[in-house]
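Chain letters run A, B, ... following the sequence lines, proteins first, then strands; residues in each count from 1. These values consider heavy atoms only, across backbone and side chains, with no hydrogens, waters or symmetry-generated copies.
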Amino acid sequence: MTVRTRFAPSPTGMLHIGGVRTALFSWLYARHHGGTFILRVEDTDRERSTDEATQVILDGMQWLGMTADEGPFYQTRRMDRYREVIDQWLVEKKAYRCYCTREELEELRAGQMAAKQNPRYDGRCRDRTDVREGVPFVIRFKNPLDGTVVVDDQVHGRVVFENTQLDDLIIARSDGTPTYNFCVVVDDWDMAITHVVRGDDHLNNTPRQINMLRALGTTPPVYAHLPMILGSDGAKLSKRHGAVSVLQYQEEGYLPGALLNYLVRLGWSHGDQEVFTLEEMIQYFDIKDVNKSASAFNPEKLLWLNQQHIMKAPVSVLSDGLREQLLLLGVDTNDQSLLEGVANILRERARTLKEMAQTGLYFFRDFEQYEEKAAKKNLTADAMPILAALEAGLAALTEWDAVAIHEVINIVAAQFNVSLGKVAQPLRVAVCGSAVSPPIDATVALLGKASVLVRLQRAHRYIA
RNA sequence: GCUCCCAUCGUCUAGUGGCCCAGGACACAGCCCUCUCAAGGCUGGUACACGAGUUCGAAUCUCGUUGGGAGCGCCA
């Protein structure tokens, strides 16, 4: 039997990392087993679903490279199918019309809560046979009245539910539209889903779904309920932490592989390994290594991992991302060799592509002004002759590379009988505007002779 | 309130009865390297929620307590 999994987000809110993690595990499981991954948009709630949220799902999945083998399917386009099953169930007496008003139900719930009972519909319309013309009604599924439902969950193990704790859930609203729990069941069946991988907030829905699957005469799929992801403060994920659109991470300069790597380690592990390539994730991923307990989102570790991936990424990936980030900062360049040079020199100094663009800005355009403390400390009268000697030495260079530049710096240091730092720092501030940069010889080399000489003169005027 | 789930360093986790007075990673501190910043290396502190039991032996099994989470919608 080939594995078929699905990711079924609802476009009622932005796709965030919680949803992405669910998608990832589901996708990984399918890929690991050479199976099929299906994308299904659960948009039956037409009031709250938005096109924007749908677009974020599509764009986000594409950015992350989690391509669907089938779909995207939209539930709103399958209404006829749901209607068909409901009508059939009505005929087979597996479902029934319920004329209870919302007020009535509210009263019932309140009474049960007060009596310390599990609030549930009492089935008062379950056996009525009359058809009331003109009176609004919903359609409920006849849940079994007794017995148990066993969920053999792949991550939680065996979970048993009593049917007496369940009730007759609504499968069609009074306006005739089908509801979530019902659509999921019909879809999973029609799409021949073999493994349902989803958040464990759905564990409680599972027995109801299994009962409906049975009513359909089919065998339920295998379930795997993943633990939730909490915010960094241990509370429910909210906008304060990471519950922003997944595309936000793209804008912030994260590599898709790094985000996925971070997410895969939330609730899953492969020994002590922390850094994974996509291929390794697919190769090693297995549901049996998934944890049961919820985990907290840790932005610091994401940052670290992103840097780990930046350090290993192909230079073209970095230069492309860097160019996009520079565009955001008002620099439009297609100088591929400069972009690649900067990417390589900054790859172990930037935790995000955005950081790379910010800290390497001076490679692309002259800096506005010197960083105050750095200039005060290094662009001094004492440094004046050193900078002048540097300028002369560099100007005379015919071979413009790091080795030759380093030689000039060494000679100047020897000439003035000072440490390397006494030469490198003033030079650094002169060409970068700050006291921090990659190794000065490589930096000067990458900057190019023309702009280095211009900036040295600028420093000269500044001191004078 | 009822039902279900969960419980190892601040955080992510390894660990499936002896290899664990608990290992790795992020973060933090110190040191090394060093032209600055990084990267890298080394060192350090901090955890098996609690209580009973089972066992020669428990982080690992059982029960209870406590704490956290989810569900209980004509939301998904």
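- With rounding to whole Å, A:F297 atom CZ is found 13 Å from B:C26 atom C1'.
- Ring pair A:F182/A:W89 is perpendicular by interplanar angle, where above 60° counts as perpendicular and below 30° as parallel.
- Nucleic acid contact class of A:H202 (heavy atoms, under 4.0 Å, all strands): base.
- Residue A:S269 is classed as a sugar-phosphate contact, given heavy-atom separations below 4.0 Å to backbone atoms only.
- Residue-to-nucleotide contacts include a donor-acceptor pair under 3.5 Å from the side chain of A:R428 to the base of B:C35.
- Look at the P atom in both B:U46 and B:G41: the space between them is 23 Å, to the nearest Å.
- Both distances falling under 3.5 Å, in either a Watson-Crick or a G-U wobble arrangement, place B:U62 opposite B:A52.
- The backbone N or O of A:D289 sits nowhere less than 3.5 Å from a side-chain atom of A:D286 that would complete a donor-acceptor pair.
- Side chains of A:N261 and A:H309: a donor on one and an acceptor on the other come within 3.5 Å.
- The pairing partner recorded for B:C19 is none, the criterion being a Watson-Crick or G-U wobble arrangement whose two distances lie under 3.5 angstrom.
- Defined by atom type and a distance below 3.5 Å, a donor-acceptor pair is present between the side-chain atoms of A:D441 and A:H406.
- In this structure, A:Y254 has its ring center no closer than 6.0 Å to that of A:Y262.
- If you check every strand for non-hydrogen atoms under 4.0 Å, A:D43 touches nothing.
- Base pairing analysis places B:C72 opposite B:G1; the two distances defining the Watson-Crick or G-U wobble pair are each below 3.5 Å.
- Checked against a 6.0 Å centroid threshold, the rings of A:W268 and A:F285 count as neighbours.
- Atom name P, nucleotides B:A70 and B:G64: the rounded distance is 23 Å, in whole Å.
- Atom-to-atom, NE2 of A:H156 to C1' of B:C4 comes out at 10 Å; the value is rounded to the nearest Å.
- Among the heavy atoms of the strands lying under 4.0 Å from A:F161 are primed sugar atoms or P, OP1, OP2 only; no base atom is included.
- Side-chain to base pairing of A:T179 with B:C74: no donor and acceptor N or O lie closer than 3.5 Å to each other.
- Residue contacts shown for A:T44 are limited to sugar-phosphate atoms, with no base heavy atom under 4.0 Å away.
- Between the CG atom of A:D441 and the P atom of B:U34 there is a distance of 15 Å, given to the nearest Å.
- Remark: P of B:A27 and CZ of A:R265 are 14 Å apart, rounded to the nearest angstrom.
- A donor-acceptor contact under 3.5 angstrom links the side chains of A:T177 and A:D175, judged on distance only.
- Set against B:C74, B:C26, B:A76, the side chain of A:S10 has B:A76 as its closest nucleotide.
- For the P atoms, the distance from B:C42 to B:C26 is 11 Å, rounded to whole Å.
- In this structure, A:D289 places its CG atom 8 Å from P of B:A14, rounding to the nearest Å.
- Pairing for B:A25 goes to B:U11, judged as Watson-Crick or G-U wobble with the two contacts each under 3.5 Å.
- Base engagement by A:R102 is indicated by at least one non-hydrogen atom pair under 4.0 Å involving a base atom.
- For A:Q165, the side-chain atoms get nearest to B:C2 when compared with the rest of B:C2, B:A7, B:C5.
- Nearest-nucleotide positions on RNA chain B place A:N298 closer to the 5' end than the other of A:D167 and A:N298.
- Whole-Å rounding puts the A:Y223 OH to B:C5 C1' distance at 17 Å.
- No side-chain donor-acceptor contact under 3.5 Å links A:Q154 to the backbone of A:K288.
- Looking only at distances, no side-chain donor or acceptor of A:S26 sits under 3.5 Å from a matching main-chain atom of A:A23.
- For A:D201 against B:G71, a side-chain-to-base donor-acceptor contact under 3.5 Å is absent.
- Residue contacts for A:P207: at a heavy-atom cut-off of 4.0 Å it reaches no nucleic acid atom on any strand shown.
- Taking the ring centroids of A:H202 and A:Y180, they lie under the 6.0 Å cut-off.
- A:S437 comes within 4.0 angstrom of a nucleotide base, judged by non-hydrogen atoms across all strands.
- With C1' as the reference atom, B:A14 and B:A76 are 35 Å apart, rounded to whole Å.
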| query | Which parts of nucleotides 38-51 of chain B does protein reach within less than 4.0 Å, heavy atoms only, written one letter per nucleotide 5' to 3' as B for base, S for sugar-phosphate only and - for none? | reply | BSS-----------
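- For the residue pair A:D168 / A:N143, no side-chain donor-acceptor distance below 3.5 Å is found, with atom types taken as modelled.
- Contact check of residues 409-425 of chain A against RNA chain B (heavy atom, cut-off under 4.0 Å) returns A:L420, A:G421, A:A424, A:Q425.
- The side chain of A:K301 approaches B:G24 more closely than any other nucleotide in the set B:A76, B:C74, B:G24.
- Contact annotation for A:E274: base contact, defined as any heavy-atom pair under 4.0 Å involving a base atom.
- The side chain of A:V436 approaches B:U36 more closely than any other nucleotide in the set B:A14, B:U36, B:C12.
- At the heavy-atom level, A:G13 lies nowhere under 4.0 Å from the strands shown.
- In this structure, B:G40 and B:C32 make a Watson-Crick or G-U wobble pair, each of the two defining distances being under 3.5 angstrom.
- Rounded to whole Å, the separation between the C1' atoms of B:C9 and B:A52 comes to 26 Å.
- Comparing B:G69 with B:U62, their C1' atoms sit 24 Å apart, to the nearest whole Å.
- B:G1 and B:G15 are spaced 38 Å apart, taking the C1' atom of each and rounding to whole Å.
- Exactly one of A:Y29, A:W27, A:F25 qualifies for a ring pair (Phe, Tyr, Trp, His ring centres under 6.0 Å) with A:H195. That residue is A:Y29.
- In this structure, A:Y370 has its ring center closer than 6.0 angstrom to the ring center of A:Y462.
- Partner assigned to B:G45 is none, using Watson-Crick or G-U wobble distances below 3.5 angstrom.
- In this structure a side-chain-to-backbone donor-acceptor pair under 3.5 Å is missing from A:T5 to A:F37.
- Across all strands, A:R109 comes closer than 4.0 Å only to sugar-phosphate atoms, never to a base (heavy-atom distances).
- Rounded to whole Å, the C1' atom of B:G53 lies 15 Å from the corresponding atom of B:U60.
- Rounded to an integer number of Å, the gap from CG of A:N204 to P of B:G69 is 15 Å.
- Residue-level contact check: A:I440 touches the bases, meaning some heavy atom is under 4.0 Å from a base atom.
- As a whole-Å value, the separation of A:F276 CZ from B:U13 P is 12 Å.
- Note on A:M228: nothing from the nucleic acid sits closer than 4.0 angstrom, heavy atoms only.
- A:N205 comes within 4.0 angstrom of a base, heavy atoms only.
- Between A:N291 and the phosphate of B:A7, there is no side-chain N or O to OP1/OP2 separation shorter than 4.0 Å.
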